[in-house]
S.K.: 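The structure under discussion is supplied below as structure tokens; questions concerning it will follow.
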Amino acid sequence: MRISIGSDHAGFNLKEEIKALLAEMGHEIDDAGARSAQAHDDYPDVGIEVAQKTASGEVERGILICGTGIGMSITANKVKGAYAALCHDEFTARLSREHNNANILVLGGRTTGPDIARAITRTWLETGPQGDRHLTRRHKIIEYESRASAEEEENGSGRLKIIDHPLIQHKLAIVRDKNTNVKDFRDLVQEIAGLMVYEISRNLPLEKIDIQTPIRMTTGFSLAGKKLAVVPVLRAGLGMVEGIVRLIPNAKVGHVGAYRDPNTLSPVDYYCKLPTDISERDIFVLDPMLATGGTASYAIADIKKKGGRRISLVSLIAAPEGVKKVSSEHPEVDIFTAALDTCLNEHGYIVPGLGDAGDRLFGTQ
Ligand code: RB5
């Protein structure tokens with residue numbers, strides 16, 4: 001594992017101790033300083049550097065050490081995507097991974113001796129995150145982060161909704177697995193899209209109707225004549241259509257053809273066919289992978305040009321970059337996703353993601 005480690009002067013000695021442990025364990029070390037115990041390096045400088053490298057995925061984990069560990073944790077947790085945990089024993093180290101999926105370990109050079117610091121570090125590196133309720137809670141943090149940063153940058157309201165129902169998360173883990181075959185992948189994508197319908201249709205208006213049960217008259221509810229349109233972005237969006245129209249059979253289906261140029265990563269459009277009354281419909285744009293956001297944003301703009309007004313975007317996995325782009329260019333658009341991943345890699349793929357959804361759906365890999 002590639003690990004960035006940094007300290008201020010007060011954490012320098014312990015940093016050297018932990019570096020020796022990392023080397024023994026076979027990890028690759030990126031030393032962000034300090035270079036000696038005398039230098040008066042300020043913890044925010046080193047803390048921000050290590051936190052940024054960790055949050056961006058340049059390194060897999062970070063380790064920060066100052067006198068108490070407090071300054072480093074406050075600093076690192078200001079960086080979006082950095083989840084820093086100050087640990088004083090193996091128990092907190094283990095739980096910071098299992099419950100919080102902390103990607104940065106913080107230690108106090110003046111509070112924690114070298115032996116216990118070694119034990120903490122080893123446990124922290126060897127423990128993985130747990131799902132279930134802990135995953136739900138972590139998603140709440142990520143969701144808040146995305147919303148807050150979009151607002152801060154005045155790029156719109158960032159109307160992101162992560163649908164983290166356990167069934168969806170379970171199926172999503174299978175589609176992420178590179179060993180899942182084309183048939184199962186295809187079925188699962190449709191199933192996940194279907195499960196997402198409950199959330200994306202949550203605000204559809206209802207009207208009261210009178211019905212006669214076998215026992216007596218009562219009042220029930222009916223969807224208030226709402227017109228819906230489902231618009232997959234070709235070609236990967238096609239993989240979600242059936243799952244949705246199975247539950248909303250009256251929805252009309254339009255198509256937008258746009259692909260991402262692999263060299264420029266910019267969207268290129270080649271097709272747009274929408275229901276003629278698109279301006280009267282609530283529109284769900286389907287694109288399983290919201291990566292750079294370029295294609296989705298382009299498709300939404302295309303639909304707006306043709307009169308579409310009430311638009312939501314539905315993806316399986318989103319990257320923060322894509323959420324930011326769509327939120328800034330279309331601040332009124334709700335973004336539904338089953339997972340908000342870490343970042344994009346240099347090829348524009350979502351990390352960890354699931355690879356190329358189109359290839360995996362159609363077996364063209
Ligand atoms: C430096 O004297 C000390 O303030 C720093 O290492 C850290 O403990 C801050 O939280």
Side-chain angles (χ1 to χ4, degrees), residues 1-25 27-127 129 134 137-138 140-142 144-145 148-149 152 342-343:
M1 198 185 293
R2 184 164 154 77
I3 299 171
S4 185
I5 184 167
S7 74
D8 67 356
H9 53 281
F12 175 78
N13 290 333
L14 188 56
K15 171 166 73 74
E16 296 307 300
E17 189 75 37
I18 299 300
K19 272 170 61 186
L21 170 73
L22 297 180
E24 279 164 32
M25 293 176 76
H27 295 295
E28 193 186 332
I29 301 166
D30 166 71
D31 187 346
R35 302 287 162 219
S36 79
Q38 274 76 46
H40 284 264
D41 303 68
D42 293 329
Y43 61 83
D45 300 326
V46 179
I48 289 168
E49 181 183 331
V50 170
Q52 284 179 335
K53 282 180 179 168
T54 310
S56 70
E58 187 180 329
V59 295
E60 281 168 76
R61 302 276 187 89
I63 299 178
L64 287 168
I65 309 167
C66 62
T68 57
I70 294 170
M72 281 297 194
S73 2
I74 292 173
T75 303
N77 281 315
K78 298 285 178 209
V79 175
K80 187 177 170 215
Y83 309 107
L86 172 56
C87 298
H88 289 109
D89 48 40
E90 284 185 78
F91 179 74
T92 46
R94 184 165 58 76
L95 264 61
S96 80
R97 291 286 305 137
E98 288 179 349
H99 291 198
N100 316 110
N101 195 15
N103 53 8
I104 298 175
L105 169 67
V106 186
L107 297 166
R110 291 173 179 157
T111 60
T112 306
D115 291 342
I116 179 70
R118 276 175 158 261
I120 289 171
T121 307
R122 189 179 280 279
T123 299
W124 186 77
L125 287 170
E126 289 174 349
T127 307
H134 306 301
R137 291 164 188 162
R138 296 196 299 268
K140 290 186 178 185
I141 299 173
I142 294 171
Y144 169 77
E145 258 184 342
S149 66
E152 265 170 30
T342 309
C343 59

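Because only heavy atoms are used, hydrogens play no part in the values below, and waters and symmetry mates are left out as well, while side chains stay in. Whatever order the structure lists ligands and atoms in, that order sets their numbers, starting from 1.
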S.K.: Tell me whether Gly67 has any N or O atom under 3.5 angstrom from an N or O of ligand 1.
M.R.: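 Yes, at least one N or O pair falls under 3.5 Å.
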
S.K.: Does Cys66 approach ligand 1 within less than 4.0 angstrom via side chain, backbone, both or neither, non-hydrogen atoms only?
M.R.: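 The answer is both, backbone and side chain.
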
S.K.: Looking at Lys53 and Glu49, is any side-chain nitrogen of the basic one under 4.0 Å from a carboxylate oxygen of the acidic one?
M.R.: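 A salt bridge is present here (some side-chain N lies under 4.0 Å from a carboxylate O).
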
S.K.: Considering only protein heavy atoms, which is closest to atom 10 (O) of ligand 1, and at what distance to one decimal place?
M.R.: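 The closest heavy atom on the protein side is Gly71 N, 2.8 Å.
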
S.K.: Which residue owns the protein heavy atom closest to atom 2 (O) of ligand 1, what's the atom, and how far is it?
M.R.: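 The closest one turns out to be Arg110 NH1, 3.4 Å.
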
S.K.: Is the backbone of His99 close enough, under 3.5 Å, to the side chain of Arg138 for a donor and an acceptor to pair up by distance?
M.R.: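 Yes, Arg138 side chain to His99 backbone: donor-acceptor pair under 3.5 Å.
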
S.K.: Which ligand 1 atoms, with their elements, are less than 4.0 angstrom from a heavy-atom of Ala10?
M.R.: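 Close to Ala10: 6 (O).
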
S.K.: Does a side-chain heavy-atom distance below 4.5 Å link His88 with Thr111?
M.R.: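 The answer is yes, as the side chains (C-beta and beyond) meet within the 4.5 Å cut-off.
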
S.K.: Atom 4 (O) of ligand 1: which protein heavy atom is closest, and how many Å away?
M.R.: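 Checking every protein heavy atom, the shortest distance to atom 4 (O) of ligand 1 gives Tyr43 CE2, 4.4 Å.
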
S.K.: Heavy-atom distance under 4.5 Å between the side chains of Thr54 and Val59, does that happen here?
M.R.: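 Side-chain contact under 4.5 Å: yes.
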
S.K.: Who passes side-chain hydrogen bond (donor to acceptor under 3.5 Å, both in side chains) against Glu16, sequence neighbours left out?
M.R.: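 side-chain hydrogen bond (donor to acceptor under 3.5 Å, both in side chains) check on Glu16 returns Lys19.
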
S.K.: Between Thr68 and ligand 1, which part of the residue brings a heavy atom under 4.0 Å of the ligand: side chain, backbone, both or neither?
M.R.: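 Answer for Thr68: both.
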
S.K.: How close does the nearest protein non-hydrogen atom get to atom 5 (C) of ligand 1, and which residue and atom is it?
M.R.: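 That would be Asp8 OD2, 3.2 Å.
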
S.K.: I want to check something: taking the side chain as every heavy atom from C-beta on, are Ile74 and Tyr43 in contact at a cut-off of under 4.5 Å?
M.R.: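 SC-SC contact between Ile74 and Tyr43 ruled out.
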
